[in-house]
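Worksheet: one structure, shown below.
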Amino acid sequence: MKDLYIYNSLSSKKEKFIPIEKDHVGIYVCGPTVYSNVHLGNVRTFMSFDMVYRYLLHLGYKVRYVRNITDAGHLENDADEGEDRIAKKAQIEKIEPMEVVQRYTVDFHNTLNRFNFLPPSIEPTATGHIIEQIEIIKQIVDKGFAYEVNGSVYFDVLKYNQDNNYGILSGRKIEDLIHNTRLLDGQSDKKNPQDFALWKRAEPQHIMRWPSPWGIGFPGWHLECTAMSTKYLGKKFDIHGGGMDLKFPHHECEIAQSEICNNSSPVNTWMHSNMLTLNGQKMAKSTGNFILPNDFFTGNSKHLSKSFSAGCVRFFILQAHYRSVLDFSNEALLASEKGYNKLMESIRILETLSTSSITSDFNVESWKENCYNAMNDDFNSPILIAELFRVVKFINQVKDGSSTVNKKDLEIIKNSINVFVFEILGLQNVNESANQYKEKLEETLELLIKMRSDARANKDFKLSDKIRIELDEIGIQLKDSKVGTTFKID
RNA sequence: GGUCUCGUGGCCGAGUGGCUAGGCAGUGGUCUGCAAAACCAUCUACAUCGGUUCGAAUCCGAUCGAGACCUCCA
């Protein structure tokens, strides 16, 4: 088995992956803010890390995968103009903040289930870790890297930068940040615009609020990930993932908080999944440029010509490398769907293949190695899929009789398909195919009913009886009535 | 404006200093009662202009174009 190499955003290069604890991997991924339905762009990020998680498990690691739920809301604007996003939504809809959180958390889980995600080991919530967050703020204040103003606490970025590198992850220079920070509306309590909030004073109308040593307020948005990752994975853990758009400032701030609190950089390998674009622009709720997972299942969207299965969408996403921008279009999805169906069809054929040949026209071992090489090279799923299509071709050749495979190789192919297609890419979706078959069965029966009624109209009772009797024999009853024929499956 | 990334054939999308990515679409063939599928063969390519090199689409520079971040964001 070759080594796994992962692209580390911190060093900007692929590095050999060596876990801190032998055979164990700790991975933290920034989860969703549950103030609205997740869109396909969100799904892409989590899917990238679902694949990473699956592959690490396949390699035999004991993985603790922590993916949080941000339910405390983030600041919408900077400084005092900020408003908690969850709280805002709640006011609009006249319901409790936690009701919003609950609704969209359920939606999030339902969506990921539909796409055949593995659940993380721990899914902590920000509101469940207020105490831990307050403790971290205390430590940072005690060490002199945070200051309190009017019931809010800010991290002193300039002081931190004297002995540390604020910008180590994002490649930013503090001078550039100082010169290029935009002028903000309203008053700010911050000493410097680059400083970020650890704790915010809650205005009277602010619904989500907790007591703290600095008064009633709520935690700053970078803090929760530091609190939860430290609690469940330790001061230093293996992999931290998230969307590219979280690199700065969110992840940069996490590093700063941990450096002060724990005297060490929190993460060995930073992984960032790239954006999904629609019409060449990043998918985002705020701009209205997005497509919801449910739109695919119904097909009701101006962006779609028809409905698509979850498996097909998953396949479409994994056909691009997680670090590349992927542009969504109906045309691209249609192309993926055909490829996906071709792959699945050949897997069905594979199950029916029997062999008595002693030779194989396909180097199965080297193919399998290529598959592993692809995954070991920074989870290169597009290359893996390309390799899968090589074996698809071979399977079809064997079926046609133009190639042969021996028993041993056939078994290896079956096992490997199981591993790579279902286990690692996670393309299997049992419920989906069951539903699909149910639909097809209904449509087929409608067709038979139509043929029978045509036969009866033509007085071809021999044919119409044959259809009714033979369907009855396989457990499907036809029931004629004045309004038409229905069926019942026993 | 600053920082960074990217620009591949009709579409999507890998990879790379010299050797077929792959999928979809197209073309020719095999097969076929018809159709489809499948198989075989095949056409489209590396933004532009310079430079380095025996050789670059791959490295360097400039130009043009696109995007991300700098404010909540996956």
Side-chain angles (χ1 to χ4, degrees), chain A residues 9 12 29-33 35-36 38-49 67 70 73-79 81-86 88 167 170-173 175-185 193-194 196 221 241-250 252 272-277 280-287 290 315-316 318-343 345-346 349 370 374 377 380-390 392-403:
Chain A
S9 301
S12 298
V29 172
C30 293
T33 305
Y35 67 95
S36 69
V38 288
H39 58 69
L40 196 68
N42 305 117
V43 170
R44 186 193 183 194
T45 296
F46 301 128
M47 193 180 287
S48 299
F49 292 104
R67 188 185 63 211
T70 296
H74 291 165
L75 294 176
E76 210 165 49
N77 297 307
D78 207 43
E81 265 36 69
E83 189 173 6
D84 188 300
R85 186 159 250 184
I86 301 280
K88 188 184 182 194
S170 56
R172 281 157 207 276
K173 291 187 177 64
E175 302 81 46
D176 295 337
L177 288 171
I178 292 166
H179 290 131
N180 294 302
T181 300
R182 288 177 181 175
L183 285 174
L184 298 159
D185 296 331
Q194 313 67 238
F196 56 89
W221 66 286
M244 201 75 106
D245 48 357
L246 295 186
K247 199 171 181 181
F248 188 88
H250 186 57
E252 197 71 59
H272 290 99
S273 163
N274 217 138
M275 298 295 103
L276 182 70
T277 59
Q281 303 277 124
K282 174 186 169 184
M283 255 190 216
K285 262 280 150 80
S286 54
T287 57
F290 64 90
F315 181 78
F316 165 74
L318 293 176
Q319 257 191 315
H321 187 85
Y322 77 90
R323 278 193 291 115
S324 297
V325 173
L326 171 60
D327 190 56
F328 174 84
S329 69
N330 188 63
E331 197 185 1
L333 191 57
L334 282 170
S336 280
E337 185 182 48
K338 292 201 176 179
Y340 175 64
N341 290 340
K342 183 177 176 177
L343 173 65
E345 180 58 23
S346 90
I349 291 168
N370 288 345
D377 185 16
N380 199 323
S381 55
I383 293 286
L384 172 61
I385 289 171
E387 286 297 330
L388 290 174
F389 277 108
R390 279 185 57 218
V392 163
K393 192 173 212 175
F394 177 64
I395 290 167
N396 287 326
Q397 285 172 340
V398 172
K399 184 193 164 220
D400 282 5
S402 60
S403 288

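Keep in mind that this is a model prediction, so the values were computed, not measured.
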- Query: If only atom types and distance count, is the side chain of A:Glu252 paired as donor or acceptor with the main-chain N or O of A:Gly167 below 3.5 Å?
  - Reply: yes
- Query: Distance between the C1' atoms of B:C46 and B:C11, in whole angstroms?
  - Reply: 16 Å
- Message: Between P on B:A74 and CE on A:Met283, what's the gap in Å once rounded to a whole number?
- Response: 13 Å
- Task: For A:Thr277 and A:Asp327, test the side chains for any donor-to-acceptor distance below 3.5 angstrom and give the result as yes or no.
- Result: yes
- Item | B:A47 and B:C64, which share atom name C1', separated by this distance in whole Å | 8 Å
- Query: How is A:Lys282 classified with respect to the nucleic acid when contacts are heavy atoms under 4.0 Å: base, sugar-phosphate, or nothing?
  - Reply: base
- Task: Compare side-chain N and O positions of A:Asn380 against OP1 and OP2 of B:G15 and report whether any pair is under 4.0 Å apart.
- Result: yes
- Message: What's A:Arg44 touching, base or sugar-phosphate or nothing? Going by heavy atoms closer than 4.0 Å.
- Response: nothing
- Given B:C72, B:G22, B:A74, which nucleotide is nearest the side-chain atoms of A:Leu246? B:A74
Name the pairs: protein N/O against N/O of nucleotides 39-45 of chain B, kept only if under 3.5 Å.
residue	atom	partner	partner atom	Å
B:C39	OP1	A:Asn396	ND2	3.3
B:C39	O4'	A:Asp400	OD2	3.4
B:C39	O3'	A:Gln397	NE2	3.3
B:C40	OP1	A:Gln397	NE2	2.4
B:C40	OP2	A:Lys393	NZ	3.4

- Rounded distance [0.5 Å steps], CE in A:Met283 versus CZ in A:Phe290: 9.5 Å
- Does B:C69 have a Watson-Crick or wobble partner in any strand here, with both distances under 3.5 angstrom, and which is it? B:G2
- Starting at CD of A:Glu252 and ending at P of B:U71, how long is that distance when rounded to a whole Å? 13 Å
- Between the side chains of A:Ser336 and A:Gln319, is a donor N or O closer than 3.5 angstrom to an acceptor N or O? yes
- Provide the distance between the two P atoms, one in B:A35 and one in B:C31, to the nearest whole Å. 14 Å
- Message: Quick check on B:A14: is either OP1 or OP2 less than 4.0 Å from any side-chain nitrogen or oxygen of A:Gln319?
- Response: no
- Taking atom P of B:C12 as reference, at what distance in whole Å does atom CG of A:Leu318 sit? 19 Å
- Query: With rounding to whole Å, what would you report as the distance between B:U44 and B:U27 at their C1' atoms?
  - Reply: 11 Å
- Query: Which value, in whole Å, describes the distance between the C1' atoms of nucleotides B:A56 and B:A45?
  - Reply: 14 Å
- On a whole-Å scale, what distance lies between the P atoms belonging to B:A25 and B:U58? 31 Å
- Note on the structure: Winner on side-chain proximity to A:Ala332, out of B:A14, B:C24, B:C12, is B:C12
- Query: Counting just side-chain N and O atoms, does A:Ser324 come under 4.0 Å of either OP1 or OP2 of B:A14?
  - Reply: yes
- Query: Is there a side-chain polar atom (N or O) of A:Thr33 under 4.0 Å from OP1 or OP2 of B:A74?
  - Reply: yes
- Query: Touch check for A:Ser48, heavy atoms < 4.0 angstrom, all strands: base, sugar-phosphate only, or nothing?
  - Reply: nothing
- Message: Between A:Arg44 and A:Met275 (side chain of the first, backbone of the second, donor and acceptor by atom type, cut-off under 3.5 Å), is there such a pair?
- Response: yes
- Looking only at atom C1', what distance separates B:U8 and B:G22, rounded to whole Å? 14 Å
- Query: Atom CG of A:Asp327 and atom P of B:C11: how far apart are they, to the nearest Å?
  - Reply: 12 Å
- Note on the structure: Ranking B:A74, B:C24, B:G2 by distance to the side chain of A:Asp176, first place goes to B:G2
- Query: When the distance from NE2 of A:His272 to C1' of B:G67 is rounded to whole Å, what number comes out?
  - Reply: 17 Å
- Message: In this structure, how many angstroms lie between the C1' atom of B:A25 and the CD atom of A:Glu331, rounded?
- Response: 8 Å
- Touch class at under 4.0 angstrom, heavy-atom based, for A:Ala284 against every strand present: nothing
- Considering every strand shown, what is the Watson-Crick or G-U wobble mate of B:A21 when both distances are under 3.5 Å? none
- Which is true for A:Leu326 with a 4.0 Å heavy-atom rule: it touches a base, it touches only sugar-phosphate, or it touches nothing? sugar-phosphate
- Message: I'd like to know whether A:Met244 forms a side chain to side chain contact (heavy atoms under 4.5 Å, CB included) with A:Val325, so could you lay out the CA-CA distance, the side-chain angles of the two residues, the decisive distance to 0.1 Å, and finally the verdict.
- Response: CA-CA 10 Å; A:Met244 201 75 106; A:Val325 173; over 6 Å; no
- Watson-Crick or G-U wobble partner for B:U27, using a 3.5 Å limit on both distances? B:A41
- Closer to the 5' end of RNA chain B via nearest nucleotide, is it A:Gly339 or A:Asp245? A:Gly339
- Query: Do A:Arg172 and B:C69 have a side chain to base donor-acceptor pair shorter than 3.5 Å?
  - Reply: yes
- Here the distance between atom P of B:G22 and atom CZ of A:Phe315, to the nearest Å, is 14 Å
- Residue met sooner reading RNA chain B from 5', once A:Arg323 and A:Glu387 are mapped to nucleotides: A:Arg323
- Message: Nearest to the A:Gln281 side chain among B:G2, B:G67, B:A68, which nucleotide is it?
- Response: B:G67
- Query: Can you tell me the Watson-Crick or wobble partner of B:U58, both distances under 3.5 angstrom?
  - Reply: none
- Message: For the CD atom of A:Glu387 and the CG atom of A:Asn380, what is their distance to the nearest 0.5 Å?
- Response: 10.5 Å
- Message: Any base atoms under 4.0 Å from A:Gly280, or only sugar-phosphate, or nothing? Heavy atoms, all strands.
- Response: sugar-phosphate
- Query: If we call it a pair only when both distances are under 3.5 Å in a Watson-Crick or G-U wobble match, what pairs with B:G7?
  - Reply: B:C64
- When the ring centroid of A:Phe316 is compared with that of A:Phe328, is the distance short of 6.0 Å? yes
- Message: Give me the distance, rounded to whole Å, that separates B:G61 from B:G23 when you measure between the P atoms they each carry.
- Response: 36 Å
- Message: Has A:Ser381 got a side-chain atom pairing as donor or acceptor with A:Leu318's backbone, closer than 3.5 angstrom?
- Response: yes
- Message: Less than 6.0 angstrom from the centroid, inside 45 degrees of the normal: does A:Arg67 satisfy that with respect to the ring of A:Phe49?
- Response: no
- Whole angstrom is fine here: how far is it from CZ in A:Phe328 over to C1' in B:C11? 14 Å
- Can you establish whether the number of heavy atoms outside A:Lys285 located under 6.0 Å from its atom NZ is more than 12? yes
- Task: Indicate, with a heavy-atom threshold strictly under 4.0 Å, whether A:Gly167 touches base, sugar-phosphate, or nothing.
- Result: nothing
